[in-house]
Amino acid sequence: MAIYALANQKGGVGKTTTAVSLAACLADAGAQTIVIDADPQANATVALGLPKDEQPSLYDVLAGMPAVEALRDTAIPGLRVLPAHADLAAANVELPRTENSDHLLRDALAPLKDEAQFIFLDCPPSIGPLTLNALGSADRVLVPVQAEYFALEGLGSLLETLALVQKQLNPSLAIEGLIITMFDPRTRLSHDVEAEVRKHFPSLVFDTVIPRNVRVSEAPSYGMPITHYDARSAGAEAYFTLAEELAARA
Ligand SMILES: Nc1ncnc2c1ncn2[C@@H]1O[C@H](COP(=O)(O)OP(=O)(O)O)[C@@H](O)[C@H]1O
Ligand SMILES: [Mg+2]
């Protein structure tokens, strides 16, 4: 019964992949899970096998539709999705103009807490009104960190933003942890970045590291999470281990 927001203002670090994969692993383990797609690009929606620009979407929920009515089944038993739509981009303009909009998403998503044990909220790659509303409605934040050269750049400002959100919007928001993604064990750089991230944030980094794995990058075009596209791939195994680590903390 917790909402985990996947947040990092950098694009391409593994937010969507991690949201979809964790939800699939935990659903496979018997939990009820939901992915809420808060990115107008709708990558999570598509990665779960639904068409882009399905309606109703999270946009309709922000406009007042009960969230439960916008939930869709996926091919994976126990995993439902609240789809995104290109219209959501407009929410970045509309939210700041709407009175008392700080907690719009939080109030809209509250009824979903009775529907699932794990809810993953996939944020867009920017700190705009939509992401702030998402962080305002989450219980915990997961931050994917790509094992590449500029990994640490931007992490400091992200953590500052999270501290501000905790102070002004959502005092109960907890930083659950950083997840190192797209790790390439053959490169010195990946090992250096991992060491650096663990040194800077000793207690925050998950033990499990997600390797770079081509099967993971193929899965979305088949509308399947990696765990269903190729359950025996290194990527699927890593996400199963990460899901166990997450569940053990919950
Ligand atoms: N572990 C991985 N190995 C290989 N490719 C990956 C891995 N994780 C993500 N990708 C690919 O990298 C790209 C960015 O990942 P994505 O999850 O969409 O990032 P974000 O949501 O942060 O923008 C996608 O094409 C995705 O398929
Ligand atoms: Mg994404």
Side-chain angles (χ1 to χ4, degrees), residues 4-25 35-50 52-53 57-58 81-86 88-89 91-92 120-128 130-131 134-135 138 141-155 157-158 161 177-187 189-191 193-194 197 205-206 208-243 245:
Y4 295 82
L6 278 291
N8 191 328
Q9 74 275 31
K10 277 194 184 182
V13 298
K15 290 182 291 296
T16 300
T17 305
T18 302
V20 164
S21 304
L22 284 176
C25 289
V35 171
I36 298 168
D37 192 347
D39 185 349
Q41 295 183 72
N43 293 341
T45 304
V46 172
L48 286 167
L50 273 85
K52 215 183 163 103
D53 294 341
S57 74
L58 187 61
V81 60
L82 207 170
H85 187 283
L88 258 185
N92 273 322
F120 296 97
L121 185 47
D122 188 26
C123 293
S126 61
I127 307 285
L130 209 46
T131 297
L135 293 172
V141 195
L142 295 168
V143 181
V145 178
Q146 189 180 350
E148 48 105 90
Y149 184 57
F150 293 113
L152 281 170
E153 200 173 277
L155 259 190
S157 68
L158 177 62
T161 303
L178 312 180
I179 301 163
I180 297 172
T181 62
M182 292 180 248
F183 182 85
D184 184 348
R186 295 164 305 180
T187 68
L189 179 64
S190 271
H191 291 281
V193 170
E194 181 188 5
V197 174
V205 189
F206 278 84
T208 312
V209 168
I210 307 300
R212 182 176 284 284
N213 176 226
V214 69
R215 304 296 273 168
V216 172
S217 59
E218 291 166 1
S221 55
Y222 294 88
M224 281 188 253
I226 181 61
T227 49
H228 285 242
Y229 176 62
D230 187 349
R232 291 198 290 190
S233 62
E237 282 178 7
Y239 273 115
F240 276 123
T241 310
L242 181 67
E245 198 181 343

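Worth knowing before you read on, the calculation uses all heavy atoms, side chains too, and leaves out hydrogens, waters and symmetry mates. Whatever order the structure lists ligands and atoms in, that order sets their numbers, starting from 1.
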J.: Report, in ascending order of atom number, the atoms of ligand 1 lying under 4.0 Å from any heavy atom of G11.
T.: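 Ligand 1 atoms under the 4.0 Å threshold to G11: 23 (O).
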
J.: Which heavy atom of P144 sits nearest to which heavy atom of A7, and what is that distance?
T.: CD-O, 3.8 Å

J.: Give the residue and atom name of whichever protein heavy atom lies nearest to atom 9 (C) of ligand 1, and the separation in Å to one decimal.
T.: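 It is T17 OG1, 3.3 Å.
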
J.: Rounded at 0.5 Å granularity, tell me how far CD in E148 sits from OG1 in T181.
T.: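 It is 8.5 Å, given to the nearest 0.5 Å.
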
J.: Using a 4.0 Å cutoff against the non-hydrogen atoms of V13, which atoms of ligand 1 qualify?
T.: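 Selected atoms, number and element: 19 (O), 20 (P), 22 (O).
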
J.: Which residue and atom name correspond to the protein heavy atom nearest atom 19 (O) of ligand 1, and how close is it?
T.: G14 N, 3.0 Å

J.: With a cutoff of 4.0 Å, is G12 in contact with ligand 1, counting heavy atoms of the residue only?
T.: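 Yes.
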
J.: What I want to know is whether K15 and ligand 1 share at least one N or O pair that is separated by under 3.5 angstrom.
T.: yes

J.: Just need the protein heavy atom nearest to atom 4 (C) of ligand 1, so name the residue and atom and give the distance.
T.: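 So the nearest neighbour among protein heavy atoms is N213 O, 3.1 Å.
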
J.: Would you mind checking which non-hydrogen protein atom is closest to atom 11 (C) of ligand 1, with the distance to 0.1 Å?
T.: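 Its nearest protein heavy-atom neighbour is S217 CB, 4.3 Å.
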
J.: With respect to the Mg ion (ligand 2), please indicate if N43 possesses an N, O or S atom at a distance under 2.8 Å.
T.: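 Short answer: no, not a single N, O or S atom is under the cut-off.
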
J.: Can you tell me how far apart OG1 (T17) and CG (D122) are? Round to the nearest 0.5 Å.
T.: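 Between T17 OG1 and D122 CG, I get 8.5 Å after rounding to 0.5 Å.
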
J.: Where's the contact between P211 and ligand 1, heavy-atom distance under 4.0 Å: side chain, backbone, both or neither?
T.: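 It is the backbone that touches ligand 1; the side chain stays farther off.
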
J.: State, without any angle test, whether Y239 and T18 hold a side-chain donor-acceptor pair at a distance under 3.5 Å.
T.: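 Yes - a donor-acceptor pair under 3.5 Å links their side chains.
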
J.: CG of L121 to OG1 of T131: how many Å apart, nearest 0.5 Å?
T.: 9.0 Å

J.: Does I210 approach ligand 1 within less than 4.0 angstrom via side chain, backbone, both or neither, non-hydrogen atoms only?
T.: side chain

J.: Do me a favour and list the nearest non-hydrogen protein atom to atom 18 (O) of ligand 1 with residue, atom name and distance?
T.: T16 CB, 4.0 Å

J.: Would a 4.0 Å cut-off, counted as strictly less than, catch a protein heavy atom around atom 25 (O) of ligand 1?
T.: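 Protein heavy atom within 4.0 Å of atom 25 (O) of ligand 1: absent.
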
J.: How far does CG of L88 sit from CG of D37, to the nearest 0.5 angstrom?
T.: 7.5 Å

J.: Under the 4.0 Å line, does any protein heavy atom show up next to atom 14 (C) of ligand 1?
T.: yes

